[in-house]
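Everything on this sheet refers to the single structure shown next.
Convention: sequence-line order gives letters A, B, ...; per-chain numbering from 1. Given the structure is predicted, the values throughout are model-derived calculations rather than measurements.
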Amino acid sequence: MAVSLLNVKLLRDIYQSRWQFIAVIVVVMLGISFYQSAWMSYRNIGASYELYYDMLRFADFEITLNEAPDTIGRRLRQVPGITSVQPRIVSEVELEMPVVDAREVVARIISLPDSGRAAVNDVTVLEGRYLGPAHKREVLVEQSFAEHHSLRVGDYVHPVVDGEVTDLRIVGLALSPEYIYAIQSKQYLMPTPSTFGAFWMRRGQAERLLGMSGMVNNVCGRAEERQRDRVMTTAHVMLGRYGAEEPVPREKQPSNYLLQMDLAGYRHMAVFFPLLFLVCASLTIYTLLVRIVNSQRGQIGFLRASGMSVQALTWHYLYYALLCGALGGLLGVIAGIYMSLALTRYYLSFLAIPVIHNPMHWPTVALGLAAGVFSCGIAGYFSSRRVALLDPAVALREEVAAVGRRPLIERLLPVLGRLSFYWRIPLRNIFRNRRRTLYTAAGIAMAVSLILVSLAIRDAMFDSIDTYIEEIQRYDLQAALIPAQTASVGFHVAQWPGVRKAETTLALPVELHRGERIVNTVLVGLEPGSHLQTLVSPEGRPVQVHGSAMLMSAANRKKLGVETGDVIRLAFALNDEETNIEAPVRVGEIIRQPVGSYVYLPAATVRRIFERDLGLPRGAVTTLMVLGEPDHLNMIKEKLYKVPNVAAVEDARETRAQLTEMLEMSMGFIVMMIMLGAGLALAIIYNTVSINIVERTRELASMRAMGMARRTVGMLITVENLLVGVLGLVGGIPLGYVLNQVMIASWENEIMQFQAVIFPASYLTTVIAIILTILLSQIPGIRQLNRVDLAAATKVTSG
Amino acid sequence: MAAGSDSVQLDKVSKTYDMGQVQVRALRDVELTIPAGEFAVFLGPSGSGKTTLMNIIGGLDSPTSGQVIVSGHDLTGLTEDQLTEYRRADVGFVFQFYNLVPTLTARENVQLIADLVNSPQDPVELLQSVGLGAHLEHFPSQLSGGEQQRVAIVRALVKRPKLLLADEPTGNLDQETSTEVLGVIHDMARRENTTVIMVTHDETIARDAGMIVRLLSGSVASIEGDRNSPPSG
Ligand SMILES: Nc1ncnc2c1ncn2[C@@H]1O[C@H](COP(=O)(O)OP(=O)(O)OP(=O)(O)O)[C@@H](O)[C@H]1O
Ligand SMILES: [Mg+2]
């Protein structure tokens with residue numbers, strides 16, 4: 001025979017339980033497509049950044065100078081290993097904006113060469129056109145700033161230089177590799193389009209505007225990869241006499257740094273979840289196959305009695321698994337490629353990056369396929385081993401071993417024996433076949449944990465924002481005071497109408513040292529008992545600053561490698577030849593910090609360390625926090641800007657909006673995950689529940705044959721499945737909880753720290769989703785049962 | 001034919017199932033010779049060891065002590081692979097539960113087994129000869145119990161086994177169908193000169209047998225119609 005009859009049997013068996021088979025394939029497919037899409041978009045997003053960087057000649061390093069003649073470009077080009085250099089002017093000016101709250105908007109003017117394009121750090125014009133000749137008063141605006149302020153091509157902007165207002169016409173909206181995330185400086189962890197924008201103009205124009213004829217104050221360059229560090233050092237030394245600051249390598253360039261961090265978080269998800277999915281797929285196939293093998297014990301026994309070899313039979317069942325793996329893997333890879341395309345596009349369009357690099361990554365494809373086949377193969381191996389372990393002499397003795405015995409639980413709880421028939425029969429069934437109950441419940445538990453973990457990611461994000469805004473930074477407005485003022489400013493503002501509370505802090509940029517490790521951050525000196533800036537422990541308990549114990553987040557402690565009680569060296573971040581402030585401090589307890597990485601001491605302690613050396617006024621403060629009546633906030637904000645020395649005002653509402661927007665970018669991924677998780681849960685539950693019915697067709701058919709109404713049988717099945725569902729929920733919720741802890745613990749992000757929380761709504765959603773899925777999953781089985789030929793179903797005794 | 005090379009000889013065969021606390025002695029020192037081509041019946045009450053004995057002869061189970069010699073070969077020393085080979089080449093089984101593959105048709109169920117050996121009989125011819133010519137492409141669920149059992153018998157015989165072992169093949173069938181099925185076994189065995197060992201509770205079936213072995217609590221109680229004298233000892 002060309003095709004072995006065992007293979008014919010395989011195909012027919014598959015056809016007979018095609019829906020289970022399809023469900024398993026779907027499970028594998030989802031797992032693989034998740035891996036494929038997440039990993040491939042992780043790679044492709046990264047590759048697209050690189051492509052964009054290359055196209056626009058993104059700098060390998062940048063050096064800020066005081067002022068230097070533009071001839072330094074020519075000199076730098078002599079440095080061996082350097083491939084291109086671009087001297088330029090980078091200056092910040094105030095921008096006059098027609099906005100109500102009159103806050104200061106900073107425009108960073110960046111020069112582009114008078115002719116041709118920039119050798120390093122070029123721009124893409126997304127709308128409008130590139131700059132015309134240098135004598136024209138034209139400017140390109142960074143696109144997110146333009147969008148935030150509704151600026152269009154043809155509009156005018158008004159920079160203020162030395163008190164003089166100029167008009168510049170916007171000729172185009174632009175994106176540059178330096179401002180994919182338009183971040184002002186590394187102190188800012190996110191874009192602030194409301195107060196900061198990048199503007200590009202011809203060098204001649206910039207020179208006139210800023211009065212810097214023939215001079216530059218910034219140089220960026222590209223170098224051969226292996227020589228870059230040496231090139232940077234050489235350039236730094238060469239430019240020393242022009243007041244060169246420490247060169248900033250590409251990895252530390254703020255926009256790129258943030259992008260890479262995002263990507264790293266993404267990578268974490270791209271590994272953790274698919275792995276979880278594949279484990280689920282593997283377990284689902286294992287259960288399905290074990291059940292198939294068990295239901296065919298008689299046949300297997302006979303075939304072995306007839307002299308068919310164990311290998312032939314083992315392979316027969318292994319084929320099921322391998323077929324599932326290969327088909328699921330293939331479909332998953334194909335679906336994953338399309339999904340990765342969509343995800344990559346979503347991300348890049350979110351960042352307005354105009355290019356996309358979507359190479360086929362064959363190792364990922366191969367690994368996806370291999371993972372599908374492997375996860376199923378493992379499951380197949382363990383389940384088909386049962387064929388070898390099966391003793392044909394024993395298998396052939398049994399028909400369907402259904403011993404009618406009062407279950408232990410009924411004997412222990414006689415009350416159950418008096419329950420109505422609708423409860424008693426399902427209860428007995430559950431306990432009679434414990435293995436089946438266990439498999440079904442395990443499948444459901446897996447589904448439960450998947451849905452829960454997917455939902456919990458969203459919860460963690462919102463919890464972080466909520467905790468930050470509502471429990472930690474409780475102010476509505478926070479004004480930065482430059483230079484430091486005395487605390488009286490707080491008392492003054494507290495008297496304003498609509499102000500409920502005003503408090504102050506003293507914040508300074510610092511470095512924390514512990515051996516070789518350094519953390520750059522801001523030290524906040526809090527007044528004891530502060531209401532508008534409170535600290536909480538990871539468990540949510542309020543924590544007070546006290547003595548000289550420095551409170552910091554777990555992330556900072558980890559970076560420094562310190563525990564409570566350790567001593568670290570605190571240094572002023574702006575130490576130079578004249579000022580050198582240092583003090584040892586002890587590490588206090590852990591605080592929860594959902595956003596940022598500030599560290600805290602009592603204000604009195606901060607003053608004791610810094611006041612004298614920095615020449616601060618007595619009782620110095622640098623920030624003013626205000627809690628106001630909601631309808632007075634805009635007015636208070638406006639008034640704050642008019643207070644002398646208020647440099648900037650942060651609005652908590654805007655912070656929340658900005659944080660939320662930042663998270664929205666991750667939402668594409670999270671929505672995909674929730675959908676895949678739900679799909680997987682559906683497939684698993686469908687599989688376990690429907691096979692539960694199919695496996696018992698004969699038993700259920702004979703109940704009907706004995707005269708039980710269809711509805712009654714349906715009812716009994718429903719109650720039984722729901723009871724198993726409850727078992728699954730009882731097991732799955734703790735499982736999901738633990739998985740979530742593991743996942744959050746390994747999820748690192750420098751801007752936001754997440755805690756494993758699951759909102760009650762997520763629990764509720766999970767429970768409802770699972771119960772609905774169970775009810776839906778049994779419909780095909782019950783319908784099939786109703787259509788079953790009673791005579792045929794009770795007749796075939798071969799199992 | 002003498003009790004020659006194709007006979008089944010059992011020498012002091014005992015089988016004990018170790019159930020932890022209890023030891024079940026399913027067979028006690030069974031001495032038995034079944035000549036080649038014989039039609040033997042094992043009779044006895046439930047639990048007397050009939051199935052156990054049959055399984056040991058068929059190489060599905062091994063004795064705790066004693067020797068089983070089929071066609072001059074001692075089964076007791078064989079490895080698992082050799083036993084599989086023995087079952088494939090020499091033994092055909094029929095069970096009370098037909099154990100047909102539900103997703104294969106009558107013909108395919110037979111063909112599946114025929115494919116295991118080099119020179120099987122023609123499945124279709126064989127099925128036609130037992131009156132199933134019209135049911136070749138029917139699935140087990142489309143066949144009656146008697147028809148299914150006839151398929152099972154054909155399936156056991158298609159390999160041209162030397163030995164047909166049938167464990168209560170008529171256990172699920174009515175009187176009329178039983179007679180029919182037994183007729184099939186008789187005819188086919190005679191055609192190929194197959195040795196048949198059949199287990200049954202039913203005294204009436206035993207009447208047609210050439211040899212009746214009565215078992216009681218794991219021991220041979222009597223042997224009737226034996227044309228060869230049992231070995232001395
Ligand atoms: N795998 C086993 N483990 C333990 N005891 C067993 C096993 N198989 C059979 N027995 C016991 O061995 C004895 C003989 O069983 P066997 O099946 O051979 O009886 P039988 O004569 O075929 O009975 P029946 O007519 O009911 O089929 C019985 O007491 C049975 O309980
Ligand atoms: Mg028996």
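Counting all heavy atoms, side chain and backbone alike, B:L112 lies closest to A:L303 at CD2-CD2, 3.7 Å. A:R304 and B:E80 make their closest contact through NH2-OE2, 3.6 Å (heavy atoms, listed as atom of the first residue, atom of the second, distance). B:D115 and A:L5 get closest at one heavy-atom pair: OD2-CD1, 3.9 Å. In terms of heavy atoms, A:K9 sits closest to B:T103 at CG-OG1, 3.8 Å.
Within 6.0 Å of CZ on A:R18 lie more than 12 heavy atoms contributed by other residues, nucleotides or ligands. Within a 6.0 Å radius of CD in B:E137, other residues, nucleotides and ligands contribute more than 12 heavy atoms. In the displayed structure, B:N118 atom CG is contacted under 6.0 Å by at most 12 heavy atoms of other residues, nucleotides or ligands.
Most heavy-atom pairs under 4.5 Å with chain A, from the set B:N109, B:D61, B:N55, B:L104: that is B:L104. Among the candidates A:P392, A:A305, A:S309, the residue making the largest number of heavy-atom pairs closer than 4.5 Å to chain B is A:A305.
Contact annotation for B:F93: both backbone and side-chain heavy atoms come within less than 4.5 Å of a heavy atom of chain A.
Under the 4.5 Å side-chain criterion, counting only non-hydrogen atoms from C-beta, A:V310 is not in contact with B:T84. Counting heavy atoms from C-beta outward, B:N99 and A:Q299 have side chains that stay 4.5 Å or more apart.
Figure legend: cation-pi geometry between A:R12 and B:F139 absent, as NZ or CZ is not positioned both under 6.0 Å from the six-membered ring centre and within 45° of its axis.
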| So B:I113 and A:F302, side-chain contact (heavy atoms from CB on, under 4.5 Å) or not? Walk me through it. | CA-CA 10 Å; B:I113 302 302; A:F302 179 82; 4.0 Å; yes

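B:R88 places no side-chain N or O within donor-acceptor distance of the main-chain N or O of A:S306, the cut-off being under 3.5 Å.
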